[in-house]
Protein chains: 2
Amino acid sequence: MEHVAADADIAPVAALIADPTRAAILTALLGGQALAAGELARMAGVSAATASAHLSRLLDGGLVAVVRQGRHRYYRLAGHEIAEVLEVLARVGGRPAVRSLRQSRQARMLEEARTCYDHLAGRAGVGLFDRLREAGCLAGEEVTPEGERLLGGLGVDVEGARRARRRFAPECLDWTERRAHLGGALGAAITAVLFERGWYVRGPVPRTVNVTEEGREGLAALFSGKELTSHTPVT
Amino acid sequence: MEHVAADADIAPVAALIADPTRAAILTALLGGQALAAGELARMAGVSAATASAHLSRLLDGGLVAVVRQGRHRYYRLAGHEIAEVLEVLARVGGRPAVRSLRQSRQARMLEEARTCYDHLAGRAGVGLFDRLREAGCLAGEEVTPEGERLLGGLGVDVEGARRARRRFAPECLDWTERRAHLGGALGAAITAVLFERGWYVRGPVPRTVNVTEEGREGLAALFSGKELTSHTPVT
DNA sequence: CGCATCCTTCGACCTGCGACGAAACGTGCT
DNA sequence: AGCACGTTTCGTCGCAGGTCGAAGGATGCG
């Protein structure tokens with residue numbers, strides 16, 4: 001007989017994350033991209049059979065979702081709550097020792113700019129957040145009329161983000177920078193536009209992203225108060 | 001060779017939470033009270049030896065801290081980050097099936113009012129949060145001058161909370177109510193005052209709290225705009 | 001000083017589960 | 001149809017770690 005009060009069962013979820021191989025898989029998926037089972041196996045450094053077993057368990061547990069496309073099966077995190085769990089765990093987990101030179105290069109790229117499931121993090125993330133604040137776009141967890149104008153001009157659907165079922169514009173603080181960046185529905189919407197415009201592109205290392213030349217110019221123009229040139233979204 | 005980029009090691013932390021017995025211990029400690037090793041063993045339904053082994057590992061992992069007092073050893077969570085991890089995990093963990101009548105009573109009490117490590121949660125938590133908003137005390141993640149006056153009169157050290165290293169007034173949404181309540185440094189400061197004044201007291205079931213008669217009257221007076229009677233803090 | 005209480009350490013047992021290779025399954029290409 | 005490739009299933013091995021009882025400190029009480 002359990003004397004502890006009825007509570008959410010946290011152990012099963014934690015157990016799914018507790019295995020190093022599964023943790024590597026989940027961390028790889030934290031980039032926000034859906035990845036094929038084979039790629040995940042390679043990234044985690046295990047055989048295809050082993051990865052498959054892990055993915056099957058993660059699927060059962062509702063941590064990942066799968067979409068079949070031809071003979072590939074692309075896995076992604078099941079939702080932003082899952083990404084939040086991983087981020088919070090990373091925050092208490094502490095930074096690991098960096099071993100090889102190659103890893104230190106990758107680590108530097110991750111610190112520079114990366115995606116945190118569906119929004120921008122790292123130095124780029126906090127930089128963007130700071131610039132939005134300075135420009136008077138944000139007040140607490142709300143967007144000012146000024147911000148509405150600026151983001152609207154960029155092509156961000158602020159109203160749509162506000163109606164989303166998840167939190168609108170929470171500060172999300174990550175484990176590399178010790179400062180906050182913009183998460184939530186608004187952070188995701190802005191990041192989506194940045195990718196769509198080609199201002200940021202995904203880098204070779206799983207979660208990293210890079211700013212493009214257009215991105216550098218576009219962002220500079222955006223915050224210098226100039227109007228943007230007309231925007232032709234990619235279908 | 002690991003192909004995954006250098007990242008925080010989340011697996012070891014997750015592994016500590018992954019065991020059902022350790023999860024029960026951590027959940028019990030989520031009430032914010034320090035508990036003796038024996039009590040924790042009883043609550044988790046294991047022998048003293050087993051609990052001791054688990055507590056030792058949790059201590060190593062930095063998830064709990066211990067204070068020796070006579071022949072007792074009181075364990076508590078190591079910090080609010082740990083409580084945050086548990087809350088987030090509980091949110092994705094889903095609600096467990098309620099088995100006995102007794103558990104359903106306890107579950108109802110937990111939903112009514114409980115502590116979430118160091119701040120008020122459950123219906124009481126979201127109620128307080130809503131009333132503070134309605135009274136115009138909060139704007140986004142900031143406190144208005146009006147709020148400063150009202151909370152100051154209550155005896156809350158708003159300035160002290162603002163200087164704390166943790167987030168000031170984040171919304172913390174929990175797994176029973178699907179709404180937000182007040183967490184962070186400010187939430188903790190307010191809750192501390194509520195206990196100090198005797199407006200809330202801890203209930204018999206681990207994480208539950210109960211509002212007292214004084215509490216009901218005091219809160220009503222507070223939000224009806226009246227000034228409070230002078231406050232004599234408990235040493 | 002000796003006993004009771006609380007907690008930890010030790011030794012032994014046993015279950016759970018993560019690892020792989022080989023083979024089966026399903027899909028796309030020619 | 002037949003082959004190639006990505007993925008899952010199956011069978012098996014081996015080890016990590018959770019559990020308990022009993023014994024060994026440590027602390028408070030009379």
Side-chain angles (χ1 to χ4, degrees), chain A residues 1-4 9-29 33-76, chain B residues 1-4 9-29 33-78:
Chain A
M1 147 103 81
E2 294 280 301
H3 283 99
V4 74
D9 269 354
I10 61 178
V13 196
L16 285 175
I17 311 177
D19 177 74
T21 301
R22 282 195 295 266
I25 289 176
L26 290 169
T27 304
L29 291 176
Q33 254 188 142
L35 297 172
E39 290 181 277
L40 290 169
R42 192 179 47 80
M43 286 185 196
V46 293
S47 74
T50 303
S52 178
H54 285 303
L55 287 169
S56 163
R57 294 194 56 184
L58 290 173
L59 200 58
D60 274 355
L63 294 201
V64 304
V66 65
V67 45
R68 307 181 40 160
Q69 212 166 99
R71 50 187 168 188
H72 298 266
R73 297 203 180 173
Y74 289 97
Y75 288 88
R76 59 177 175 78
Chain B
M1 146 100 81
E2 293 279 298
H3 285 99
V4 74
D9 270 354
I10 61 178
V13 196
L16 286 175
I17 311 177
D19 177 74
T21 301
R22 283 195 295 267
I25 289 176
L26 291 169
T27 304
L29 291 175
Q33 256 187 139
L35 297 172
E39 289 181 276
L40 290 169
R42 191 178 49 78
M43 287 186 197
V46 294
S47 74
T50 303
S52 179
H54 285 303
L55 287 168
S56 163
R57 294 195 53 184
L58 290 173
L59 200 57
D60 275 354
L63 293 201
V64 304
V66 63
V67 44
R68 306 181 43 158
Q69 211 168 98
R71 50 188 166 184
H72 298 267
R73 299 203 180 174
Y74 290 97
Y75 287 87
R76 59 176 175 79
L77 293 188

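A, B, ... follow the sequence lines: proteins, then strands. Residue 1 opens every chain. Note that these values count all heavy atoms, side chains included, but never hydrogens, waters or copies made by symmetry.
- Across its full length, the helix from C:dC1-D:dG30 to C:dT30-D:dA1 shows an angle of 30° between the axes of its 5 terminal pairs at either end, rounded to 10 degrees.
- Within the 4.5 Å cutoff, the side chain of A:I17 has no heavy atoms near those of the B:I17 side chain.
- Distance CZ (A:R57) to P (C:dG16): 12 Å, rounded to an integer number of Å.
- Under 4.0 angstrom from either OP1 or OP2 of D:dC20 there lies at least one side-chain N or O belonging to B:S47.
- Using a 4.0 Å heavy-atom criterion, one finds that A:A49 contacts the bases of the nucleic acid, with or without backbone contacts as well.
- With hydrogens and angles ignored, the 3.5 Å screen pairs a side-chain donor or acceptor of A:R22 with a backbone N or O of A:A15.
- Using modelled atom types, no side-chain atom of B:S56 and backbone atom of B:S52 make a donor-acceptor pair closer than 3.5 Å.
- Residue contacts for B:A41: at a heavy-atom cut-off of 4.0 Å it reaches no nucleic acid atom on any strand shown.
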Test log, rule side-chain contact (heavy atoms from CB on, under 4.5 Å), inputs B:L55 and B:L59 | CA-CA 6 Å; B:L55 287 168; B:L59 200 57; over 6 Å; no
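- Taking atom OH on A:Y74 and atom C1' on D:dG6, their separation rounds to 10 Å, with Å as the unit.
- D:dT7 atom C1' lies 13 Å from atom CG of A:L59, rounded to whole Å.
- Nucleic acid contact for B:A48: base, since at least one base atom lies under 4.0 Å from a heavy atom of the residue.
- To the nearest angstrom, C1' of C:dA4 lies 12 Å from NE2 of B:H72.
- A:S56 comes within 4.0 angstrom of nothing in the nucleic acid, heavy atoms only.
- As rounded to whole Å, 19 Å separates atom P of D:dC5 from atom CZ of A:R73.
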Before giving the answer on side-chain contact (heavy atoms from CB on, under 4.5 Å), spell out for B:L26 and B:V64 the whole-Å C-alpha distance, their side-chain angles and the decisive distance to 0.1 Å.
-> CA-CA 8 Å; B:L26 291 169; B:V64 304; 3.9 Å; yes
Test side-chain contact (heavy atoms from CB on, under 4.5 Å) on A:L35 and A:M43 and set out the steps.
-> CA-CA 10 Å; A:L35 297 172; A:M43 286 185 196; 3.7 Å; yes
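- Side-chain atoms of B:R71 lie closest to C:dT5 of the nucleotides C:dG18, D:dT8, C:dT5.
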Evaluate side-chain contact (heavy atoms from CB on, under 4.5 Å) for A:L16 paired with A:D60, printing each intermediate quantity in order.
-> CA-CA 10 Å; A:L16 285 175; A:D60 274 355; over 6 Å; no
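- Between B:R68 and C:dC7 there is no side-chain N or O to OP1 or OP2 distance below 4.0 Å.
- What you find for A:A18 and B:A18 is that their closest heavy atoms are CB-CB, 3.9 Å.
- B:L58 has its CG atom 13 Å from the C1' atom of D:dG18, to the nearest Å.
- B:A36 comes within 4.0 angstrom of sugar-phosphate atoms only, judged by non-hydrogen atoms across all strands, and of no base.
- The phosphate of D:dC20 has OP1 or OP2 within less than 4.0 Å of a side-chain N or O from B:T50.
- Considering only side-chain N and O atoms, A:H54 lies nowhere under 4.0 angstrom from the phosphate OP1 or OP2 of C:dC17.
- Rounded to whole Å, the distance from CZ on B:R22 to C1' on D:dG18 is 8 Å.
- For A:L40 and D:dT8, the CG to P distance is 10 Å, given to the nearest whole Å.
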